[in-house]
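Side chains included, hydrogens not; waters and symmetry mates left out as well; all remaining heavy atoms used. Chain naming here is simple, since letters A, B, ... match the order of the sequence lines and numbering starts at 1 in each. All values reported here derive from a predicted model rather than from experimental measurement.
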Amino acid sequence: MEKAMVRQLVQDNDRYNEKQIVVNGWIRSNRDQKSFGFISLNDGTHFDSIQVVYEKEFLSNFDEVASLGAGAAVTVRGIFVQTPQARQPFEIKAAEIILEGDSPKDYPIQPKRHTREFLRELAHLRPRTNLFSAVFRVRSLLTFAIHKFFQERGFIYLHSPIITANDAEGAGELFRVTTLDPKNPPIAEDGQVDYSADFFGKKTNLTVSGQLEAEVFALAFRNVYTFGPTFRAENSNTARHAAEFWMIEPEVAFADLQDNMRLAEEMMKFMISYILENAAEEMEFFNKFVDKGLKERLQNIVNAEFERITYTRAIEILKESKQKFEYPVEWGKDLQTEHERYLTEKAFNKPVFVTDYPKEIKAFYMRVNDDKKTAAAMDLLVPGVGEIIGGSQREERAEVLEKRMEEFNIEKEALWWYLDLRKYGGAKHAGFGLGFERAVMYITGVNNIRDVIPFPRTVNTCEF
RNA sequence: UCCUCAGUAGCUCAAUGGUAGAGCAAUCGGCUGUUAACCGAUAGGCUGUAGGUUCGAAUCCUACCUGGGGAGCCA
């Protein structure tokens, strides 16, 4: 007798036809009648559940089985049969059903629609629902797709540090990492906490970006990427911010902003294609219940050219739009969410790269353009999610970089190694950061970041 | 952090100043192919918390708590 997973039964159902098999799983629903009943059994290996038919005639514990509710774990032995005339493609005619673990009647997941807010409070049970089963399978596949994309192109995967002393990046509020006693920290002569007595002998925090370290590796391996957790202690309360999230940060030596955008576009298209191909059931589900038109939209994106406009052109488009914006449109000011949404959703209705922002509103490491007014930055905006990628060509000229650091009040001493990259064999290079969760949101149509992270961490929330 | 909306049965929602209700889930019963099964019955409530207004508050007012949406910050 063969133990089978539903995934195998789906992929290879001819081989199993009329064979006796054993499956394990959890009951999604149980519909019993006088002398027979049906169980929808999900074993976690496949999005769809499998139907188990049981009859009083063949089951000694029929009454027990008939009384089982949603959530119970069972082992089923029986014959696998194809049922092409029925609504389900195949089913198992049970010869034996063994209860592995009962699920009492207060099991909160019912065979009905639940709100995402309710399920968020049940992060330990929500993976057993259709929606989250689909989301987290896609999340896993997308992780693989990203590695596949970069590995096939010879990129080196670099584990940038999670604990860092680097607080000069200006990418947000930091989570302090310390072993000092918060009630009784050592005090230095100046009356401040003496971090030289801390574990690392200096102030340390969780990383907000692996970019600076990625630059180090890019100037040794040429093509590299990081893919790991990132932490921001911002008091952000939105559907697209979390305190702990994952980021992909490719960095390429001898590349300019154009190369950077080409890579970003290629990567996005690869990710989307991979999921459309390898998560057909899940994408069908999202298309039907989460975001009608999702599949068509994604398919169009794979085939379309991403729009590329400069910041200056974006300002012109916004001004010409005659649209009423809450925030004024003016060259020199950063684009607001409403502006970005207009550009990607109304003006072009597809992903849009916006490049060459005024250098004052962008980070110190972004390369200053020849006009001396703008920096070689690029943001990728996508409909529904907004900014999904932020990147730039890096400033490789030591003297320009140092001047920029002075303007931004950044301690040069702490980043001596970063400056060394320009001193020894400096080369032009470029890279970007992709918010992994935002990519999952974009591809699944799920519009809250808390629903694409297994156990989301946000302000005031760290249950589970 | 700011703006805004909402907290009523396990879940999703009604009840707009005058006796708190439905569907689903649960429990019991019926049903020989169901598939968000169906049909009948039963049970289920200090209306987020604390004050206040009123003869009377789920409903009006104040504060707090929790959650949603939007904004800022960003990925």
Side-chain angles (χ1 to χ4, degrees), chain A residues 28-41 48-57 66-67 69-71 81 83 85-89 91 93 103-122 129-130 169-173 208-211 229-249 264 289 325-327 334-341 361-363 379-382 385-391 432-442 447-453 458-461 463:
Chain A
R28 283 285 178 85
S29 75
N30 186 3
R31 303 173 293 276
D32 71 291
Q33 298 192 29
K34 196 175 189 177
S35 59
F36 60 91
F38 303 91
I39 287 172
S40 284
L41 192 72
D48 294 316
S49 297
I50 188 167
Q51 173 159 289
V52 176
V53 197
Y54 57 96
E55 297 189 49
K56 198 162 198 168
E57 219 182 314
S67 75
V81 286
T83 53
Q85 75 291 347
R87 225 163 98 184
Q88 74 287 351
E91 63 188 20
K93 291 200 181 301
S103 179
K105 302 308 176 194
D106 57 359
Y107 182 61
I109 312 282
Q110 301 161 18
K112 61 166 266 188
R113 202 181 160 277
H114 289 292
T115 58
R116 317 241 168 104
E117 293 80 32
F118 173 66
L119 292 169
R120 259 171 231 156
E121 295 167 7
L122 302 170
T129 64
N130 281 335
E169 295 159 24
E173 296 295 315
V208 292
S209 164
Q211 181 202 315
T230 309
F231 307 88
R232 306 239 173 124
E234 294 287 351
N235 187 9
S236 296
N237 291 286
T238 80
R240 53 186 196 285
H241 289 86
E244 177 180 324
F245 63 98
W246 283 56
M247 199 153 56
I248 298 114
E249 296 179 287
F289 294 109
F325 294 113
E326 200 186 325
Y327 292 87
D334 207 356
L335 298 178
Q336 300 295 317
T337 298
E338 57 176 346
H339 306 141
E340 296 181 342
R341 289 187 79 106
I361 58 173
K362 286 293 179 184
D379 284 359
L380 178 63
L381 314 176
V382 297
V385 174
E387 184 180 340
I388 198 167
I389 283 176
F432 61 84
L434 166 73
F436 180 59
E437 282 78 9
R438 290 188 182 176
V440 178
M441 290 166 72
Y442 184 52
N447 53 21
N448 194 309
I449 197 166
R450 289 173 274 241
D451 297 328
V452 300
I453 298 178
T458 53
V459 186
N460 265 316
T461 307
E463 192 68 49

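One atom, CZ of A/Phe118, and another, C1' of B/G67, lie 14 Å apart when rounded to the nearest Å. Note: CD (A/Glu55) to C1' (B/U34) measures 12 Å, nearest angstrom. Between the CD atom of A/Gln33 and the P atom of B/U32 there is a distance of 7 Å, rounded to whole Å. Atom pair A/Glu338:CD and B/C3:C1' shows a separation of 15 Å (rounding to whole Å applied). As a whole-Å value, the separation of A/Asp32 CG from B/G29 P is 11 Å. In this structure, A/Lys105 places its NZ atom 5 Å from P of B/U27, rounding to the nearest Å. B/A26 atom P lies 12 Å from atom NZ of A/Lys112, rounded to whole Å. Atoms OH (A/Tyr327) and P (B/A71) sit 9 Å apart, rounded to a whole Å.
Here A/Arg450 reaches the OP1 or OP2 of B/G69: one of its side-chain N or O atoms lies under 4.0 Å away. Close to B/U12, at under 4.0 Å from its OP1 or OP2, lies a side-chain N or O of A/Thr115. Under 4.0 angstrom from either OP1 or OP2 of B/G68 there lies at least one side-chain N or O belonging to A/Arg120.
A distance of about 13 Å separates the C1' atoms of B/A25 and B/A43, rounded to the whole Å. Rounded to whole Å, the P atom of B/G7 lies 11 Å from the corresponding atom of B/U59. To the nearest whole angstrom, the two C1' atoms, one in B/A26 and one in B/U12, are 16 Å apart. Annotation: B/C13 and B/G45 have their C1' atoms spaced 15 Å apart (nearest Å). B/C74 and B/G17: their C1' atoms are spaced 48 Å apart (whole Å). For the C1' atoms, the distance linking B/G18 with B/A71 amounts to 43 Å, nearest Å. The gap from the C1' atom of B/A14 to that of B/U47 amounts to 13 Å, rounded to the nearest Å. The gap from the P atom of B/U62 to that of B/A6 amounts to 13 Å, rounded to the nearest Å.
Considering only side-chain atoms of A/His241, the nucleotide from B/C31, B/G72, B/U34 that sits closest is B/G72. Counting only heavy atoms from C-beta on, A/Gln336 has its side chain closest to B/G72 among B/C74, B/G68, B/G72. Of the candidate nucleotides B/G69, B/A71, B/G68, B/A71 has the atom lying nearest to any side-chain atom of A/Arg240. When the nucleotides B/C73, B/C74, B/A71 are ranked by their closest atom to the side chain of A/Glu234, B/C73 comes out on top. The nucleotide whose nearest atom lies closest to any side-chain atom of A/His114 is, among B/C11, B/G68, B/A71, B/C11. Distance from the side chain of A/Thr238 is smallest to B/A71 among B/U32, B/G33, B/A71. Distance from the side chain of A/Thr461 is smallest for B/G67 among the nucleotides B/G67, B/G33, B/G69. The nucleotide whose nearest atom lies closest to any side-chain atom of A/Thr337 is, among B/U1, B/C74, B/U27, B/C74.
Among the atoms of the strands shown, base atoms are found under 4.0 Å from some heavy atom of A/Ala242. Among the protein residues, A/Ile388 comes within range of the sugar-phosphate backbone only, with heavy atoms under 4.0 Å from sugar or phosphate atoms but none that close to a base. Within 4.0 Å of A/Lys56, counting heavy atoms only, lies no atom of the nucleic acid at all. Using a 4.0 Å heavy-atom criterion, one finds that A/Asn235 contacts the bases of the nucleic acid, with or without backbone contacts as well. Here A/Ser236 lies in heavy-atom contact (under 4.0 Å) with a base.
A distance of 11.0 Å separates OG in A/Ser40 from CD in A/Glu91, rounded to the nearest 0.5 Å. Note that CZ of A/Phe432 is 10.0 Å distant from CD of A/Glu249, once rounded to the nearest 0.5 Å.
The backbone N or O of A/Tyr327 sits less than 3.5 Å from a side-chain atom of A/His339, completing a donor-acceptor pair. A side-chain donor-acceptor contact under 3.5 Å links A/Glu338 to the backbone of A/Glu326.
Map A/Ser35 and A/Asn448 each onto its nearest nucleotide of RNA chain B; the residue landing nearer the 5' end is A/Ser35. Across the interface with RNA chain B, nearest-nucleotide mapping of A/Gln110 and A/Phe36 shows A/Gln110 to be the residue nearer the 5′ end.
Pair assignment for B/A26 gives B/U42, based on Watson-Crick or G-U wobble hydrogen-bonding distances that are each under 3.5 Å. In this entry B/C60 has B/G52 as its Watson-Crick or G-U wobble partner, both defining distances falling under 3.5 Å. B/U66 is paired with B/A6 under the criterion used here, namely a Watson-Crick or G-U wobble arrangement in which both key atom distances are under 3.5 Å. Across all strands shown, B/U1 forms a Watson-Crick or G-U wobble pair, both distances under 3.5 Å, with B/A71.
Side chains of A/Arg232 and A/Thr230: no donor on one and acceptor on the other come within 3.5 Å.
Using cut-offs of 30° and 60° on the angle between ring planes, the pair A/Phe36 and A/Phe38 is perpendicular.
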